[in-house]
Amino acid sequence: MKWTVFLAAGLLVATRSQASAQPAPAPLTDEQVKAKVEALLGQMTLEEKVGQLTQIAGGLFPGAKPEEALRKGGAGSVLWLNDTKEFNRLQRVAVEESRLRIPVLYGLDVIHGYRTIFPIPLALAASWDPAVHERAAAVAATEARAAGIHWTFAPMVDIARDARWGRIAEGAGEDPYLGAAMAEAQVRGFQGPYLGAPGRLLACAKHFAAYGAAEGGRDYDPVYVPEGRLRNVYFPPFHAAVEARVGSVMSAYMDLNDVPAAGNRWLLHDVLREDWGFGGFVVSDAMAIGNLVIQNFARDGKDAAYRALSAGLNMDMASNTYPQYLPGLVGEGRISKAQIDEAVRPILAVKFRLGLFEHPYADESRVQAVLSDPGHRQESRLAAQRSMVLLRNENRALPLPKTVSRLAVIGPLADSPEDTEGSWMVFGHVPAAVTVLQGIRAKLPGATVEYAKGPDIRRDIPSMFDGFMPGPKKPPQTPDQAEAAFQKAVETARGADVVVMVLGELAHMSGEAASRASLDLPGRQEELLKAVVALGKSVVLVLVNGRPLSVNWAAEHVGAILEAWQPGTEGGNAVADVLFGDANPGGKLPVTFPRSGAHGPLYYARTLTHQPEGSPMYRSRYWDGPTTPLYPFGYGLSYTTFAFSNLRLAAPQVKVEGSVGVSVDLENTGAVAGDEVVQLYVHQRAGSDSRPMRELKGFRRVSLEPGGKQTVTFYLGPDELRYWSTLQRKWVQEAEAFDVWVGADSTAKLHADLAVVP
Ligand code: BGC
């Protein structure tokens, strides 16, 4: 473990110094930016201004013709292009052939890595270590910026409390406090110390807002979330991103309380600009302005352009609605020139801050060196180690001894690079992940490691993204082929001393347009698991997946379960590190694991009502099974054990607006070094509104040697103790009694009382 910590420190230095080797112009002051923007704006025609409000599809999109638009100043930004030479060629058109030579801004979904792929964001959140997420974003930025990309459509900071929603993979899970910490870390990682820092990207907090609350977990479906819950739960990660000075925000697709996010002035103007002081620009989600018509909100395209711009939406992503209709709307006097200028200003400001006018081109000679930096892969491996969550470890089944001589690695995800990388690996990306099979073989060069894939898994209904997915497209297996693969897998397991089953979901079973009604292992995977466990071997289950899975049977019958998520380029090596004890898992679930998809949404921070579950009168909300989670939020085991003790408050009372220290002692009581995530939860016992039974208000990941002790102190003040009251329609901090718990997950028992007094 020491080794990894040391390595991490070394890499941090290495990558930072590389970034600082690039030219580092001093950041422009606000006044300088303003002067430049106004000078340029003063020269622009209406069409050129509308051009800056327009983002068009690049060459990866069928029928895209960016060149013509750029030459006439008709597009400020291009997305869905990923080719350095082409970036430079088109940039030359914008900078040398258009009238005002305004550089084009290239945007792409660089979500969890560019060439070096990191674990999916949900996994990075499971590290409960914002520094890990920050480094992942910084490496992604370094690579993508070198390749010619300026802007990433990340971080996705949508709170997701329904595991059926496929995009849960892209965010930090269910909790606003953890989500806000991860949002801030990613903005810092992508953008660096300031917008325009060398080797970094413009970040985009998306999808504003509450996209993750899609009814039934069905992607794109409407959302009904009252204002109190928006402000207390769904907004905090966005607010944290704005506080971290994120340069752009993307509006969501769906209707929020019957008003589409792309036409929602309350959201885009009142909350974002007036309440939070956001100074960047808002981009729509892809085609979303045009979609206002499909959503039965706008009458036609013209009405859609009118309503989106009036709501405060700056840039039209790929629906071509702004360029088609805004000039006419201005001609008719329905949209004023001042409104157009207002919309254009923050886009130009971002271009100036990014230094695009001075450095519009990517340095083609540098790209390969940056993309193949071995330090990036090491960071990815470390991030994957730190993201894994040990869900079960009966009789210390893990770590496995390195002396094991006959091992079988079984499952459809054991040797699939694209599924090891996870969703969003599109736009010409070639998967290059080390698979779990490869990682284990590299770890045990002297052992016999047999592999059998078992039956294929497939999405039942194809995805609109299938065409973009890398990797060979194979015809479906026949039932006979699947049966033969099943039997072969069982036979392979029979010949081994230890079996590692690698099961879960294909990359495109989570992510966009990838909701599932069931959270069970898809296909025949559980059947195969049962058949292998029936052999009486020592079996370890490694889960490779993008969302919580209801692995109820495995949770009772398989000795060890390691949640590896979709762990990225170095995923297989990191899994092998953990399985064989070179790294000790210390990740924790950033999201509740329900027992069934039908239980969604399920999350820990609920309010209590009449007959709480578990009471003698009413043991479960469902008559056909427990409502409790399979694994609670914050949960995760280690190869060592920890003891919490001596929870104490600096004072039993604190005044409203005051702050009080909460301390706890943590000891590593086991035999190996390891990490524990100390988690602080509070509960307000009475108030203007009913308050959740618990809310996370502090966490810290701590590394301790065997026998090592540490005191961890948190502070509870107004930021932690206030909330937006539905009854009072404002933020309140109330003089009431609170419960405080500290421990290893959201069921922590160590308790103290706190009184907030006037
Ligand atoms: C997604 C966004 C993404 C955009 C651009 C949309 O379909 O919802 O998250 O950034 O496409 O690729």
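Atoms within each ligand, like the ligands themselves, are counted from 1 in listed order. Quick caveat, the model's predicted, so the values are computed rather than measured.
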Can you check whether Arg167 has an N/O within less than 3.5 Å of an N/O in ligand 1? yes
Side-chain donor-acceptor contact under 3.5 Å, Trp151 with Ser248: yes
I need the atoms of ligand 1 closer than 4.0 Å to a non-hydrogen atom of Phe153, numbered in the order shown. 10 (O)
Close-contact set for ligand 1 against Lys206 heavy atoms, below 4.0 Å: 2 (C), 3 (C), 9 (O), 10 (O)
What I want to check is whether the side chains of Asp219 and Tyr211 have a donor and an acceptor closer together than 3.5 Å. yes
Any Trp424 heavy atom less than 4.0 Å from ligand 1: yes
Hey, which atoms in ligand 1 end up nearer than 4.0 Å to a heavy atom of Asp109? 3 (C), 5 (C), 10 (O), 12 (O)
Assess, by modelled atom type and distance only, whether the side chains of Tyr220 and Glu512 contain a donor and an acceptor separated by less than 3.5 Å. yes
Numbered atoms of ligand 1 (with element) below 4.0 Å of Tyr253, judged on heavy atoms: 6 (C), 7 (O), 8 (O)
Can you sort out which atoms of ligand 1 are near Asp285, meaning under 4.0 Å from one of its heavy atoms? 1 (C), 2 (C), 3 (C), 4 (C), 6 (C), 7 (O), 8 (O), 11 (O)
Is the gap between the ring centers of Phe238 and Trp276 under 6.0 Å? no
Determine whether any heavy atom of Met250 lies closer than 4.0 Å to an atom of ligand 1. yes
Determine whether the aromatic ring centres of residues Phe153 and Trp80 are separated by less than 6.0 angstrom. no
Under 3.5 Å between some N or O of ligand 1 and some N or O of Glu170? no
Ligand 1 contact by His207, heavy-atom criterion under 4.0 angstrom: yes
Looking at Glu512, which atoms of ligand 1 are within less than 4.0 Å of one of its heavy atoms? 1 (C), 6 (C), 7 (O), 8 (O)
When the ring centroid of Phe357 is compared with that of Phe352, is the distance short of 6.0 Å? yes
Answer yes if the side chains of Gln566 and His112 hold a donor-acceptor pair under 3.5 Å, and no otherwise. no
Identified side-chain contact (heavy atoms from CB on, under 4.5 Å) counterpart of His133 within the set Arg188, Gln186, Glu184: Gln186
